[in-house]
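One structure is given here, and the rest of the page talks about it.
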Amino acid sequence: MPVGTQGAVKAVLQNQLEEIDAKIILANTYHLFLRPGDELIKSAGGLHKFINWNRPILTDSGGFQVYSLADIRKITDEGVHFSSHLDGSKHFITPERCIDIQNNLGADIIMQFDECTPYGADLEQSISAMNRTLRWLDRCFKHHKNENQILFPIVQGNVFKDLRLTSLKETLPYAKCGFGIGGLSVGEPKKTMYEILDFMYPNYPADKARYLMGVGSPDCLIEGVYRGIDMFDCVLATRIARNGTAFTSKGKVVVKNSVYKEDFSKLDDECDCYTCKNYTKSYLRHLINAGEISGGILLSIHNLRYLIKLMKNMREAIINGETLRSLERNFIKL
Ligand code: PRF
Ligand code: ZN
């Protein structure tokens, strides 16, 4: 899922997202609640209409952004008191309020309000956050009445395997179509994340989508799919694009580097995106170095297409009964 935090995938227009075959995008409840406000979006006819995107949208609950962006005043069982990172205004979000906001936004998939602990949190903190996430899950489900929106619960438990198992087992009864796996990719070594995923894998039901939240480097997508993950989201692709870095079938390309000054070849000869069809590395390097907006746009289109194609290739490999390790060769060193 390309990330459109504020109802816009940075540097990429909706028609360009369609062109690279993005099937779904993600938006953030926290940001849209603060600006322009969920009531405004509701009165515009909902998020799809407001941003002119007719394909699916998933909204994250804010149960992560509020910890990473806002100035937290107090977390209680009732909810989270925080100050806006924009203007310092004070707010109080409960699981019920979070569902109301996401109902107003009107995404197809909405996420429960959760508490995500940082890497390094001790066992006691992790148990407390996991249990609070479970209590909030029940409140979210009781409050959610809109049958047109699927509510995904979120598994927490930090890096503690027994907590992960408890959280998963308690969470699954609420998973109608799928569930999120949160609290990973929060600073722990990749090896640790893979071990947790390996451990949870035998306990997933076959018919529920598994969404690994906030993960999106090419190697993690492959390693995640190996471990049964179906959905991902990450700002990485578009963020590094605006900095002048591209994912390619030969590894990462930092187009700013002087080696590309007179390199008139395509960014990636295996890519079918608008950027690769029409421009050279030399020109892209020039755009990025000159601070031209189009440099960030062209690289964002390419990076998103790269990840979407990678997922498509993995889906096809699975359907055809092939192994995935052959796909990995090109990406794993990233
Ligand atoms: N919870 C929510 N959103 C998230 C996360 C989480 O734990 C993460 C962790 N990688 C990313 N986005 N609600
Ligand atoms: Zn491309």
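Just follow the structure's listing: the first ligand is 1, and inside any ligand the first atom is 1. Since this is a predicted model, take the numbers as computed values, not measurements.
More than 12 heavy-atom neighbours from other residues, nucleotides or ligands sit within 6.0 angstrom of CZ on Phe92. For Arg132, the CZ atom is densely surrounded, since the number of other residues' heavy atoms within 6.0 Å is greater than 12.
A salt bridge between Asp108 and Arg55 is absent, with no side-chain N of the basic residue lying under 4.0 Å from a carboxylate O of the acidic one. Remark: Arg139 engages Glu78 in a salt bridge, criterion side-chain N to carboxylate O under 4.0 Å. Of the charged side-chain nitrogens involved, at least one lies within less than 4.0 Å of a carboxylate oxygen, so that Arg73 and Asp71 count as a salt-bridged pair. Ion pairing of Lys190 with Asp219 is present here, as a side-chain N (NZ or NE/NH1/NH2) and a carboxylate O approach within less than 4.0 Å.
Taking CG of Asn28 as the reference point, atom CE of Met111 lies at 11.5 Å (rounded to 0.5 Å).
In summary, the side chains of Asp60 and Tyr30 do not present any donor paired with an acceptor at a separation below 3.5 Å, with no hydrogens or angles considered.
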Pick out the protein N or O atoms lying less than 3.5 Å from any N or O of ligand 1, and list each pair with its distance.
{"unit_1": "ligand 1", "atom_1": "1 (N)", "unit_2": "Asp114", "atom_2": "OD2", "d": "2.7"}
{"unit_1": "ligand 1", "atom_1": "3 (N)", "unit_2": "Asp60", "atom_2": "OD1", "d": "3.3"}
{"unit_1": "ligand 1", "atom_1": "3 (N)", "unit_2": "Asp60", "atom_2": "OD2", "d": "2.6"}
{"unit_1": "ligand 1", "atom_1": "7 (O)", "unit_2": "Gln156", "atom_2": "NE2", "d": "3.1"}
{"unit_1": "ligand 1", "atom_1": "7 (O)", "unit_2": "Gly183", "atom_2": "N", "d": "2.8"}
{"unit_1": "ligand 1", "atom_1": "10 (N)", "unit_2": "Leu184", "atom_2": "O", "d": "2.6"}
{"unit_1": "ligand 1", "atom_1": "10 (N)", "unit_2": "Met213", "atom_2": "O", "d": "2.9"}
{"unit_1": "ligand 1", "atom_1": "13 (N)", "unit_2": "Asp60", "atom_2": "OD1", "d": "2.9"}
{"unit_1": "ligand 1", "atom_1": "13 (N)", "unit_2": "Asp114", "atom_2": "OD1", "d": "2.9"}
{"unit_1": "ligand 1", "atom_1": "13 (N)", "unit_2": "Asp114", "atom_2": "OD2", "d": "3.3"}

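Nearest heavy-atom pair across Pro189 and Tyr119 is CD-OH, 3.6 Å.
Listing protein N, O or S atoms at distances below 2.8 Å from the Zn ion (ligand 2), with waters left out, gives Cys271 SG, Cys273 SG, Cys276 SG, His302 ND1.
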